[in-house]
Participant: 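The structure is given below, and queries will be raised subsequently.
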2 protein chains.
Amino acid sequence: MEPTKNLTELARELWREMAEMRNSLRQYVHVKIKENNWDISMELVEILGLIYKRSGLNQQEIADIIVKDKSSMTYLIDNLVKKGLAERTEDQRDRRNKLIYITEKGKLLMEELTPWVTEIYEKATRELLTDDILNALSVARKMNENLKQ
Amino acid sequence: MEPTKNLTELARELWREMAEMRNSLRQYVHVKIKENNWDISMELVEILGLIYKRSGLNQQEIADIIVKDKSSMTYLIDNLVKKGLAERTEDQRDRRNKLIYITEKGKLLMEELTPWVTEIYEKATRELLTDDILNALSVARKMNENLKQ
DNA sequence: TTAAAACTGTTTGAATTCAAACTATTATTT
DNA sequence: AAATAATAGTTTGAATTCAAACAGTTTTAA
C-alpha cells in the first residue's frame, strides 16, 4: 500500500490527516448544531462537556485538558457565562483561581447534547480496533514528547 | 499501561493528544522563527514549502493539500504576495483558477528554512517505528472516512 | 443550445486563536 | 520577614479561521 517513504514524509502525512480530521469533525458538529437550532459553538460544547462531568475545575485546568491557551479560555468561558451555561466562583483556598461550574441551564443543554457527542465518537471509531487506536495514541504521545524537548 | 477504556474514550484521548501536538509544533516553530528573525508565520511557511516543491498549483489545490478553507487561502496568499514571496497568475486554460508560483525571494527564504523544517519532522519522529506511524496514519484515515459519511 | 449545477476565488463580518504584557496572588528563596 | 519567582487570570491588538453569500467561469444535463 504505502511504498517506501521515510519517517519524516509519513509524519507530514499524519499531520495532514489530523488536520483533516479536525475539519471533518468541525463540519459534522456544525451540521448537527444547525439541524437542532442549538445556540452554541463546537468550542463551547467541548468545555461544557468537561465541566458537566467534572465540577469545580479552574480555568487553567480546563485549558490544559482541552488544550487551549489561557486567554482563549477567558474568552470562551466569558461566552459560556453570558449564555447562562456556566458560572465562575472565586477559590477561597487559592484566590488566583476561578472555579467553573455548570448551571442548571447548562446541564439541561448538555443532557440534550450528550447522545450525539457520544454518537460522533462512535461513528469516528467504527470498524477500528482498540489496539490500533492505542498504538496511534502512543505514537501521538511520543511525537508530543519529542517536540517538547 | 492503558486500563480498560472503551473505543470512544480512546478516540477522545487521541483527539486531545493531536491538539497538543499541534500546539507543541506551533510553539517550536514560533521559537525558531523568533530566534532567526524571520518575517513569516507558521501558516505561511506551510504554503511556501508546498509551492517551493510544486509549482503552479491553484489555490483550491493548495487548500486541499494543507487542509485549509478557501477563504483562509485567499487571505494567506494575499500575505505571501504582499511579502513578495509568491505570485498569482491567471490560468489561461481555466479562467476560474489562479496559479500560484514562488518568487526568487521566496525560494531564497525557503532554502534557508528547509533545513530546520526537516529537522522538526526528524525530531518529531525520533525513536518511532515506520510501522507504528503507518498504523497511526491508517487509523487517522479511517476515522476521517467514518466522519465524512 | 440553453438552463442548471458545479467549481474557483473573493468579500464580509463574526468568532476564535495567538503572543505579549499586565495584575493579583501564592510559593520559594534568601 | 523581605525579595524573588511562579502561577492564574485578564486585557490588548493582531492574525487567523470560519460560515455565508457572492461573481465569474466551466461543466453537465435537459
Side-chain angles (χ1 to χ4, degrees), chain A residues 19-20 22-35 37-47 56-83 86-100, chain B residues 19-20 22-35 37-47 56-83 86-100:
Chain A
E20 203 166 324
R22 190 182 150 85
N23 276 9
S24 311
L25 186 60
R26 174 175 296 281
Q27 201 125 25
Y28 189 88
V29 170
H30 182 61
V31 170
K32 281 283 176 189
I33 287 176
K34 243 189 142 179
E35 271 175 13
N37 270 350
W38 285 317
D39 174 30
I40 196 167
S41 67
M42 171 166 148
E43 287 77 12
L44 295 188
V45 172
E46 236 182 318
I47 302 178
L57 293 170
N58 68 39
Q59 298 189 187
Q60 186 60 56
E61 287 168 332
I62 296 176
D64 289 341
I65 292 171
I66 69 174
V67 192
K68 303 255 182 204
D69 130 293
K70 63 182 178 176
S71 65
S72 300
M73 201 47 51
T74 298
Y75 166 76
L76 293 170
I77 289 183
D78 274 356
N79 284 349
L80 277 181
V81 171
K82 274 181 208 156
K83 288 178 191 296
E87 51 190 10
R88 274 191 252 248
T89 328
E90 266 216 353
D91 184 349
Q92 297 305 335
R93 282 182 272 181
D94 183 338
R95 289 173 46 230
R96 286 171 299 188
N97 301 341
K98 306 276 177 73
L99 306 184
I100 310 300
Chain B
E20 204 168 323
R22 190 182 150 85
N23 276 7
S24 311
L25 187 60
R26 174 175 294 281
Q27 201 125 25
Y28 189 88
V29 171
H30 182 61
V31 169
K32 281 282 178 190
I33 287 177
K34 245 190 139 179
E35 271 175 12
N37 271 348
W38 284 317
D39 175 31
I40 196 166
S41 66
M42 172 164 147
E43 288 76 13
L44 296 188
V45 172
E46 236 181 319
I47 303 178
L57 294 169
N58 70 38
Q59 298 190 184
Q60 186 60 56
E61 288 168 332
I62 295 175
D64 289 341
I65 293 171
I66 68 174
V67 191
K68 304 256 181 203
D69 130 293
K70 64 180 176 178
S71 65
S72 299
M73 201 47 50
T74 298
Y75 166 75
L76 292 171
I77 289 183
D78 274 355
N79 284 347
L80 277 182
V81 171
K82 275 180 208 156
K83 289 179 191 294
E87 51 190 10
R88 276 190 251 247
T89 328
E90 267 215 352
D91 184 350
Q92 297 304 336
R93 282 182 272 181
D94 184 339
R95 287 173 49 231
R96 288 172 297 187
N97 301 342
K98 306 274 176 74
L99 306 183
I100 310 300

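Heavy atoms only: backbone and side chains are in, while hydrogens, waters and symmetry mates are out.
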Participant: Is the shortest side-chain N/O distance from B:His30 to OP1 or OP2 of C:dA20 below 4.0 Å?
Facilitator: yes
Participant: Would you indicate, yes or no, if D:dG9 has its OP1 or OP2 atom less than 4.0 angstrom from a side-chain nitrogen or oxygen of A:Asn58?
Facilitator: yes
Participant: Looking only at the side chain of B:Lys98 (C-beta and beyond, no hydrogens), which of the listed nucleotides C:dT25, C:dT10, C:dC18 gets closest?
Facilitator: C:dT10
Participant: Compare side-chain N and O positions of B:Arg26 against OP1 and OP2 of C:dC18 and report whether any pair is under 4.0 Å apart.
Facilitator: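 Yes, because at least one side-chain N or O of B:Arg26 sits under 4.0 Å from OP1 or OP2 of C:dC18.
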Participant: Once you round it to whole Å, what is the distance between C1' of C:dT25 and CD of A:Gln59?
Facilitator: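 One finds 15 Å between C1' of C:dT25 and CD of A:Gln59, rounded.
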Participant: On DNA chain C, nearest-nucleotide positions of B:Asn23 versus B:Thr74: which is more 5'?
Facilitator: B:Thr74
Participant: Within the 4.0 Å heavy-atom criterion, would you say A:Ser71 contacts the bases, only the backbone, or no part of the nucleic acid?
Facilitator: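 Here A:Ser71 touches the bases of the nucleic acid.
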Participant: Does OP1 or OP2 of C:dT16 have a side-chain N or O of A:Asn79 closer than 4.0 Å?
Facilitator: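 True: A:Asn79 side-chain N/O within range (under 4.0 Å) of C:dT16 OP1/OP2.
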Participant: Taking atom types as they are modelled, is there a donor-acceptor pair under 3.5 Å from the base of D:dG9 to the side chain of A:Lys70?
Facilitator: yes
Participant: Please determine whether a side-chain nitrogen or oxygen atom of A:Lys34 lies at a distance below 4.0 Å from atom OP1 or OP2 of D:dA19.
Facilitator: no
Participant: So, are B:Lys83 and B:Asp39 salt-bridged, with charged N and O less than 4.0 Å apart?
Facilitator: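 Answer for the salt bridge query: yes.
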Participant: Taking the nucleotide of DNA chain C with the closest heavy atom to each, which residue, A:Arg96 or A:Met42, is nearer the 5' end?
Facilitator: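 Of the two residues, A:Met42 wins.
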Participant: Starting at the 5' end of DNA chain D, which residue's closest nucleotide do you reach first, A:Ser72 or B:Asp69?
Facilitator: A:Ser72
Participant: Regarding B:Gln27 and B:Asn23, do their side chains bring together a donor and an acceptor under 3.5 Å, going by distance alone?
Facilitator: no
Participant: In whole Å, I'd like the distance from the CD atom of A:Gln60 to the P atom of C:dT25.
Facilitator: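 Distance check: A:Gln60 CD to C:dT25 P gives 18 Å.
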Participant: Nearest whole angstrom, please: distance from the P of C:dG9 to the CD1 of B:Ile100.
Facilitator: 7 Å
Participant: Could you walk me through whether A:Leu80 and A:Leu44 pass the side chain to side chain contact (heavy atoms under 4.5 Å, CB included) test, one step at a time?
Facilitator: CA-CA 7 Å; A:Leu80 277 181; A:Leu44 295 188; 4.0 Å; yes
Participant: Check the distance between D:dT25's P and B:Arg95's CZ and give it to me in whole angstrom.
Facilitator: 5 Å
Participant: Can you figure out which of C:dT10, D:dC18, C:dT16 approaches the side chain of B:Arg88 most closely?
Facilitator: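 So the side chain of B:Arg88 is nearest to C:dT10.
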Participant: Nearest-Å distance, CG (A:Leu99) to P (D:dG9)?
Facilitator: 8 Å
Participant: How close or far is atom P of D:dA14 from atom CD of B:Glu43, stated in whole angstroms?
Facilitator: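 My rounded result for the distance is 17 Å.
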Participant: For the pair made of CG in B:Asn97 and P in C:dA6, what is the distance, rounded to whole Å?
Facilitator: 18 Å
Participant: Figure out the CG/C1' separation between B:Asp78 and C:dT10, and round it to whole Å.
Facilitator: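 From B:Asp78 CG to C:dT10 C1': 9 Å.
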Participant: Does the pair B:Asp64 and B:Gln60 meet the rule for a side chain to side chain contact (heavy atoms under 4.5 Å, CB included), with working shown?
Facilitator: CA-CA 6 Å; B:Asp64 289 341; B:Gln60 186 60 56; 3.1 Å; yes
Participant: Kindly indicate, with the supporting measurements, whether the criterion side chain to side chain contact (heavy atoms under 4.5 Å, CB included) is fulfilled by B:Arg96 and B:Asp91.
Facilitator: CA-CA 7 Å; B:Arg96 288 172 297 187; B:Asp91 184 350; over 6 Å; no
Participant: Is the closest basic N to carboxylate O distance between B:Arg26 and B:Glu43 below 4.0 Å?
Facilitator: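 Salt bridge: yes.
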Participant: By nearest heavy atom, map B:Leu76 and A:Leu57 onto DNA chain D; which one lands nearer the 5' end?
Facilitator: A:Leu57
Participant: When all nucleic acid strands are considered with a 4.0 Å heavy-atom cut-off, which category describes B:Asp91: base, sugar-phosphate, or nothing?
Facilitator: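 Nothing, no heavy atom under 4.0 Å.
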Participant: Give a yes/no answer on whether the side chain of A:Lys68 brings an N or O atom under 4.0 Å of OP1 or OP2 in C:dT16.
Facilitator: no
